[in-house]
Amino acid sequence: PIGPRYSPAARWSRRWPRYRREVKTMKVEINSVVPASRETTWALVMDIPRAASCIPGIKEITPDGEGRYQATLQARIGPMGMNLSGTITILSQDADTGEAHFLVEANDRRVGGGVKTNMSMKVTARSANETELEIIADTTFMGRLGELGQPLIRRKARNTLEEFSKNLSKLLASGSD
């Protein structure tokens, strides 16, 4: 006897599995020493358009209100090339303690994924001409970006932050001559 469980019509009436949105989180910490005073370093990192020019892949950054910027980043993670468009928002800043917190949200409609990063930054004077820069980025990858392997994403994020730190050091060294 063929019941509804085994009939061809029952087979097609089952729900198809929904596309599962992958979400992965990752925390990256970078400490570096830059060749400038604490005040000079603080002034540069809080000048978002100038500081963003040190991030590899940044193509465009424009002010979008008080403490908010629109930005576009071209990046390649493994086989996937993307154009991430989004916002950088300064959540808080304290020049006395040398701490700032940012929220970075961006997505790529073509790839079908996005990122959301809570980033904190701290500058600490080591000497009159040296400042320690500490960056902690807690990032959530959504959609197709979340499907990429964790080691691949971690390596790209770490390389990007290290390259930012090197470029920032070069910019500070050239400005202090």
* Structure fact -> Smallest heavy-atom separation, Lys59 atom then Gln74 atom, equals CE-OE1, 2.9 Å

* **Side-chain donor or acceptor of Asp108 paired with backbone N/O of Asn83 under 3.5 Å** => yes

* Structure fact -> All heavy atoms of Asn167 vs all of Cys54, minimum pair found to be ND2-O, 2.9 Å

* Members sharing Leu91's hydrophobic cluster (side chains within less than 4.5 Å) -> Leu103

* **Residue pair Phe164 / Ile135, side-chain heavy-atom distance below 4.5 Å** => yes

* Asked: What heavy-atom pair brings Thr97 and Lys122 nearest, and what distance separates the two atoms?
  -> O-CE, 4.1 Å

* Structure fact -> Interatomic distance, NZ@Lys166 vs CD@Glu163, rounded to 0.5 Å, equals 5.5 Å

* Asked: Of all heavy-atom pairs between Met26 and Ala157, which one has the smallest distance, and what is that distance?
  -> CE-CB, 3.6 Å

* Asked: Heavy-atom distance under 4.5 Å between the side chains of Thr87 and Arg68, does that happen here?
  -> yes

* Closest approach of Thr160 to Pro56 (non-hydrogen atoms, all atoms of both residues) -> O-CD, 4.0 Å

* Separation of Arg50 CZ from Ile61 CD1 (nearest 0.5 Å) -> 13.5 Å

* **Ile55 versus Leu73, closest heavy-atom pair with distance** => CG2-CD1, 4.4 Å

* Asked: Looking at CD of Glu29 and CD1 of Ile136, how far apart are the two atoms once the value is rounded to the nearest 0.5 Å?
  -> 4.5 Å

Name the atoms and distances for all side-chain donor-acceptor pairs under 3.5 Å in residues 36-49, with sequence neighbours left out.
residue	atom	partner	partner atom	Å
Ser37	OG	Thr40	N	3.2
Ser37	OG	Thr40	OG1	2.8
Arg38	NH1	Ala95	O	3.4
Arg38	NH2	Ala95	O	2.8
Arg38	NH2	Asp96	O	3.1
Thr41	OG1	Ser37	O	2.9

* Structure fact -> When rounded to the nearest 0.5 Å, the distance separating CD of Gln93 from CD of Glu99 is 12.0 Å

* Non-hydrogen side-chain atoms of Leu172 and Thr131 separated by less than 4.5 Å -> no

* Asked: What's the spacing between His101 NE2 and Asp94 CG if we round to 0.5 Å?
  -> 9.0 Å

* Atom OG of Ser165 and atom CD of Glu134: how far apart are they, to the nearest 0.5 Å? -> 12.0 Å

* Sub-4.5 Å side-chain heavy-atom contact between Tyr69 and Asp64 -> no

